Amino acid sequence: MKSVRPEPPPAHHAIRAAIAAIPQGRVANYGEIARRAGLPGRARLVGTVLREAPSALGLPWYRVLRADGRIAFPPGSKAFREQVRHLAGEGVLVRGGRVDLAVHGWERDVDHLLWGPPAQTGKRKSARAES
DNA sequence: GCCCTGACGTGAA
DNA sequence: ATTCACGCCAGGG
């Protein structure tokens, strides 16, 4: 017998879990979440789930950005500003609606361990001792 | 069931 | 840095 109230597909659950797993102060892109959820290539599905997911679920939706580190909402929109606000509250700086994934990206850590710290290609304007 | 849209990603021009 | 085309596929009309 069919359940009178069809539960959401497992994929949705996996995606929510992946989003919930983003550490505070870090951000991840849609594709990355999809991968973590075992759904490579389904970045769009992540967006769909987030759209359906009420913020009441307690999901850190604001930690999810596009692949280029850009916020997925139209600049200036309500949601946009709120996302920026939330991120700023966690110490994630947003410049021009954009977050530096090389600094706050979740997966950044892994790259670091595999490839080592990014060599300064000489773009840096002023080298300064970081914390 | 077809068609269009979309909190996306990637590669090419 | 921008723009375009495509791939992907769940939802809603």
Side-chain angles (χ1 to χ4, degrees):
Chain A
M1 60 282 244
K2 314 285 193 285
S3 47
V4 292
R5 239 272 302 284
E7 61 225 44
H12 288 212
H13 182 71
I15 289 172
R16 285 188 224 123
I19 295 171
I22 306 173
Q24 185 182 52
R26 301 315 261 295
V27 296
N29 55 25
Y30 293 83
E32 191 178 335
I33 294 300
R35 257 181 302 149
R36 288 237 178 201
L39 301 165
R42 306 293 189 298
R44 258 182 154 143
L45 183 55
V46 175
T48 302
V49 170
L50 273 170
R51 182 153 59 96
E52 296 174 348
S55 51
L57 293 182
L59 287 177
W61 58 271
Y62 49 86
R63 294 181 191 149
V64 185
L65 309 171
R66 288 172 95 162
D68 55 5
R70 199 97 69 136
I71 288 181
F73 294 108
S77 66
K78 180 87 183 302
F80 181 96
R81 284 194 306 265
E82 191 166 329
Q83 183 159 14
V84 173
R85 196 165 61 72
H86 276 285
L87 289 173
E90 294 190 346
V92 178
L93 299 192
V94 185
R95 285 185 350 178
R98 177 112 155 255
V99 171
D100 190 344
L101 295 180
V103 176
H104 296 99
W106 189 17
E107 225 171 43
R108 186 191 71 80
D109 298 321
V110 183
D111 288 357
H112 191 283
L113 292 175
L114 289 175
W115 295 86
Q120 315 288 270
T121 52
K123 292 180 57 175
R124 201 57 83 212
K125 277 200 166 88
S126 56
R128 174 193 318 291
E130 65 294 305
S131 58

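Keep in mind the model is a prediction, meaning the values are calculated, not measured. Only this structure's heavy atoms are used, side chains among them; waters, hydrogens and symmetry mates stay out. Residue numbering restarts at 1 for every chain, and letters A, B, ... go by the order of the sequence lines.
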Practice item. Give the rounded distance in Å between these two atoms: CG of A:Leu101 and C1' of B:dG9. Key: 13 Å
Exercise for review: Select one nucleotide: of C:dA10, B:dC8, C:dC9, the one nearest the side-chain heavy atoms of A:Leu45.
Suggested key: C:dA10
Point to revise | Gap between atom CH2 of A:Trp106 and atom CD1 of A:Ile22 - 0.5 Å precision | key: 6.0 Å
Review point. Base, sugar-phosphate, or nothing: which does A:Asp68 touch, judged by heavy atoms less than 4.0 Å apart?
Key: nothing
**Study point:** Interatomic distance, A:Leu59 CG vs B:dA7 P [rounded to whole Å]
**Key:** 18 Å
Name the pairs: protein N/O against N/O of nucleotides 5-7 of chain C, kept only if under 3.5 Å.
{"from": "C:dG7", "atom 1": "O6", "to": "A:Arg44", "atom 2": "NH1", "distance (Å)": "3.3"}

Practice item. Name the closest nucleotide to the A:Asn29 side chain, picking from B:dG9, C:dA1, B:dA7. Key: B:dG9
Practice item. Kindly point out which of B:dG9, C:dA1, B:dA7 is positioned nearest to the side chain of A:Arg98? Key: C:dA1
Review point. To the nearest angstrom, how far is A:Arg51 atom CZ from C:dA10 atom C1'?
Key: 9 Å
**Study point:** Atom pair distance, as rounded to whole Å: CZ in A:Arg16 and P in B:dA7
**Key:** 18 Å
Study note, to complete from the structure: Closest to the side chain of A:Ala67, out of B:dG9, B:dA7, C:dC8, is B:dG9
Exercise for review: Would you mind reading off the distance between A:Leu50 atom CG and B:dA7 atom P, rounded to a whole angstrom?
Suggested key: 11 Å
Exercise for review: May I ask you to evaluate whether A:Arg66 reaches the phosphate of B:dC8, defined as a side-chain N or O under 4.0 Å from OP1 or OP2?
Suggested key: yes
Point to revise | Rounded distance (Å) that lies between atom C1' of C:dT3 and atom CZ of A:Arg70 | key: 13 Å
Review point. Just by modelled atom types, is the A:Arg63 backbone N or O under 3.5 Å from a matching donor or acceptor in the A:Arg26 side chain?
Key: no
Study note, to complete from the structure: Only one of A:His104, A:Arg70, A:Glu32, A:Gln83 passes side chain to side chain contact (heavy atoms under 4.5 Å, CB included) with A:Leu65, and that residue is A:Gln83
Review point. Would you say the side chain of A:Phe73 lies within less than 4.5 Å of the side chain of A:Glu82, judging by non-hydrogen atoms?
Key: no
Review point. If only atom types and distance count, is the side chain of A:Arg81 paired as donor or acceptor with the main-chain N or O of A:Gly76 below 3.5 Å?
Key: yes
Review point. Which whole-number value in Å describes the distance from A:Leu65 CG to B:dA7 P?
Key: 15 Å
Exercise for review: Report the distance from atom CD1 of A:Ile19 to atom OH of A:Tyr30, rounding to the nearest 0.5 Å.
Suggested key: 8.5 Å
Point to revise | A:His12 side-chain N/O to C:dC9 phosphate OP1/OP2 under 4.0 Å | key: no
**Study point:** Rounded interatomic separation in angstrom, taking CZ from A:Arg35 and C1' from B:dT10
**Key:** 13 Å
Exercise for review: Kindly give the heavy-atom pair with the smallest separation between A:Ala20 and A:Pro60, and that separation in Å.
Suggested key: CA-CD, 3.9 Å
